[in-house]
Amino acid sequence: MAAGSKGNGVVELYLVAYNAVSFVGWAYVLINTTLYLLEHGTDLSRLFDRIGYPLIFVQTGAALEIVHSLTGLVRSSALTVLMQVYSRLLLVWGTLYAFDYPEIRASYSLVLMVLAWAITECVRYSHYALSLLDIEIPVLLYLRYTLFYVLYPAGVTGELLEMWAALPHASAIRPSFKAFLLLNMINYPPVLYKLYTHMIRQRRKILGGKGSTKTGSKATTANAAGSSPAARKKKL
């Protein structure tokens with residue numbers, strides 16, 4: 001805690017940089033996915049070549065968020081962050097990277113998954129970065145705590161379809177790998193329920209509270225975005 005107090009400015013600068021870089025990465029994926037679809041329509045044969053490795057790179061970078069929560073740089077629940085990051089890392093490394101097959105790398109489920117992820121993260125990271133700088137954009141705040149109603153189910157649908165398409169290929173590598181993917185698919189409903197209800201509670205707290213929405217949004221955003229250094233300064 002003492003080290004954190006001395007390095008509050010450095011920590012806050014790091015978190016702003018992390019969220020800004022993450023936003024740029026996801027914006028790159030979103031823009032290139034959109035451009036590809038506009039250029040090639042339903043021909044998805046080269047979609048992975050266009051966005052695959054940038055997608056894997058930017059999503060793998062989110063593993064740092066687990067470290068952030070465990071070390072106290074942010075106040076997010078480590079368990080919640082772990083559930084979100086783990087499932088996505090399984091998708092990008094356990095299916096997209098592992099299997100070079102059109103039903104996985106050139107599928108509508110990939111498009112659905114990538115668009116849901118990218119839109120969600122562009123809104124989330126830009127909102128967090130700006131919040132750390134004490135900049136609040138009402139529309140962005142509203143989107144952050146509203147889009148999940150559609151994007152969470154859409155993303156999960158794409159993820160499950162991607163894993164389903166990978167099952168025959170996983171079995172060819174090792175039966176236990178197929179069983180591992182199946183186990184993760186079975187675990188999706190309770191995890192989705194936990195994350196979905198968590199976001200609903202957050203939305204009610206920030207957008208539907210009885211008190212000042214602006215005050216509530218700043219406090220909760222600070223916790224979620226990791227602006228704990230600023231929050232600590234106010235408490236001291």
Side-chain angles (χ1 to χ4, degrees), residues 14-15 17-40 43-70 76 80-126 128-129 151-152 154-174 177-178 180-185 187-188 191-192 195:
Y14 162 74
L15 290 171
Y18 170 79
N19 284 288
V21 170
S22 297
F23 166 75
V24 171
W26 281 108
Y28 177 89
V29 171
L30 178 59
I31 291 170
N32 277 275
T33 301
T34 304
L35 290 176
Y36 181 93
L37 294 175
L38 291 174
E39 294 167 3
H40 302 281
D43 178 13
L44 304 178
S45 58
R46 307 215 30 108
L47 176 60
F48 183 84
D49 295 336
R50 181 85 167 254
I51 57 100
Y53 289 103
L55 171 66
I56 292 173
F57 178 79
V58 70
Q59 182 53 63
T60 301
L64 285 172
E65 295 181 23
I66 301 173
V67 178
H68 296 166
S69 60
L70 288 175
S76 302
T80 301
V81 174
L82 179 62
M83 288 190 297
Q84 291 173 319
V85 175
Y86 165 76
S87 63
R88 290 194 180 184
L89 290 180
L90 175 61
L91 262 298
V92 296
W93 289 105
T95 58
L96 285 177
Y97 180 81
F99 302 114
D100 184 6
Y101 296 99
E103 59 267 34
I104 297 172
R105 291 188 174 184
S107 63
Y108 290 113
S109 57
L110 174 62
V111 174
L112 181 62
M113 182 182 79
V114 170
L115 288 178
W117 286 5
I119 294 170
T120 298
E121 301 299 35
C122 281
V123 172
R124 183 168 73 97
Y125 284 119
S126 60
Y128 286 174
L151 295 180
Y152 269 31
V156 166
T157 300
E159 293 171 34
L160 288 172
L161 289 173
E162 283 290 285
M163 280 195 279
W164 180 262
L167 289 179
H169 308 296
S171 181
I173 294 177
R174 184 174 295 180
F177 189 20
K178 178 181 179 180
F180 174 71
L181 290 180
L182 278 172
L183 181 62
N184 278 274
M185 292 176 70
N187 195 44
Y188 257 69
V191 171
L192 175 61
L195 295 177

Next item on the list: List the steps, then state whether side chain to side chain contact (heavy atoms under 4.5 Å, CB included) holds for Arg174 with Phe180.
Entry: CA-CA 10 Å; Arg174 184 174 295 180; Phe180 174 71; over 6 Å; no
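- When the shell of 6.0 Å around OH of Tyr188 is examined, it contains more than 12 heavy atoms from other residues, nucleotides or ligands.
- Distance CD1/Ile66 to CD/Gln84: 10.0 Å, rounded to 0.5 Å.
- Put simply, OH on Tyr128 and CZ on Phe23 are 15.0 Å apart, with the number rounded to the nearest 0.5 Å.
- Note that the CZ atom of Arg50 and the CD atom of Glu39 stand 4.5 Å from one another [nearest 0.5 Å].
- Taking the side chain as every heavy atom from C-beta outward, Leu90 and Met163 approach each other to under 4.5 Å.
- Residues Leu161 and Ser109 share a closest heavy-atom pair of CB-CB, 3.5 Å.
- The closest side-chain heavy-atom distance from Val58 to Tyr28 is not below 4.5 Å.
- The two atoms that bring Ser126 and Val123 nearest to each other are OG-O, 3.1 Å, heavy atoms only.
- Residues Val85 and Ala62 approach most closely at CG2-O, 3.7 Å, considering heavy atoms.
- Evaluation of the salt bridge (charged side-chain N to carboxylate O under 4.0 Å, His left out) test over residues 60-69, restricted to residues two or more places apart or in two chains, returns Glu65-Arg124.
- Residues Leu110 and Ile104 have side chains not in contact (no heavy-atom distance under 4.5 Å, counting atoms from C-beta outward).
- No donor-acceptor pair under 3.5 Å is formed between the side chain of Tyr101 and the backbone N or O of Ala165.
- Side-chain contact check for Phe48 versus Asp100: every heavy-atom pair is 4.5 Å or farther apart.
- Without hydrogens or angle criteria, Arg105 side chain to Tyr97 main chain gives a donor-acceptor distance under 3.5 Å.
- The distance from atom CG of Leu82 to atom CG of Leu89, rounded to the nearest 0.5 Å, is 9.5 Å.
- The salt bridge (charged side-chain N to carboxylate O under 4.0 Å, His left out) pairs that include a residue from residues 158-173 number zero, where partners must be two or more places apart or lie in different chains.
- At least one side-chain heavy atom of Leu37 sits less than 4.5 Å from a side-chain heavy atom of Leu44.
- Relative orientation of the Phe99 and His169 rings is tilted, given thresholds of 30° and 60° on the angle between their planes.
- The shortest distance between side-chain heavy atoms of Leu91 and Leu96 does not fall below 4.5 Å.
- In terms of heavy atoms, Ser69 sits closest to Ser76 at CB-O, 3.5 Å.
- Distance check, rounded to the nearest 0.5 Å: OG1 of Thr120 to OH of Tyr125 gives 11.0 Å.
- Of the possible polar contacts, none joining the Asn187 side chain to the Leu183 backbone as a donor-acceptor pair under 3.5 Å is found.
- Distance check, rounded to the nearest 0.5 Å: CH2 of Trp93 to CD of Gln59 gives 11.5 Å.
- Tyr86 is not listed as a side-chain neighbour of Val191, based on a closest heavy-atom distance of 4.5 Å or more.
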Margin query: Between Trp117 and Leu55, is the side chain to side chain contact (heavy atoms under 4.5 Å, CB included) condition met? List the steps.
Written below: CA-CA 10 Å; Trp117 286 5; Leu55 171 66; 4.1 Å; yes
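- Considering every non-hydrogen atom in both Ala129 and Ala20, the closest pair reads CB-N, 4.3 Å.
- By the 4.5 Å heavy-atom criterion applied to side chains, Val81 and His68 are not counted as neighbours.
- Contact record, Trp26 with Cys122: C-SG, 3.6 Å, taken as the closest heavy-atom pair.
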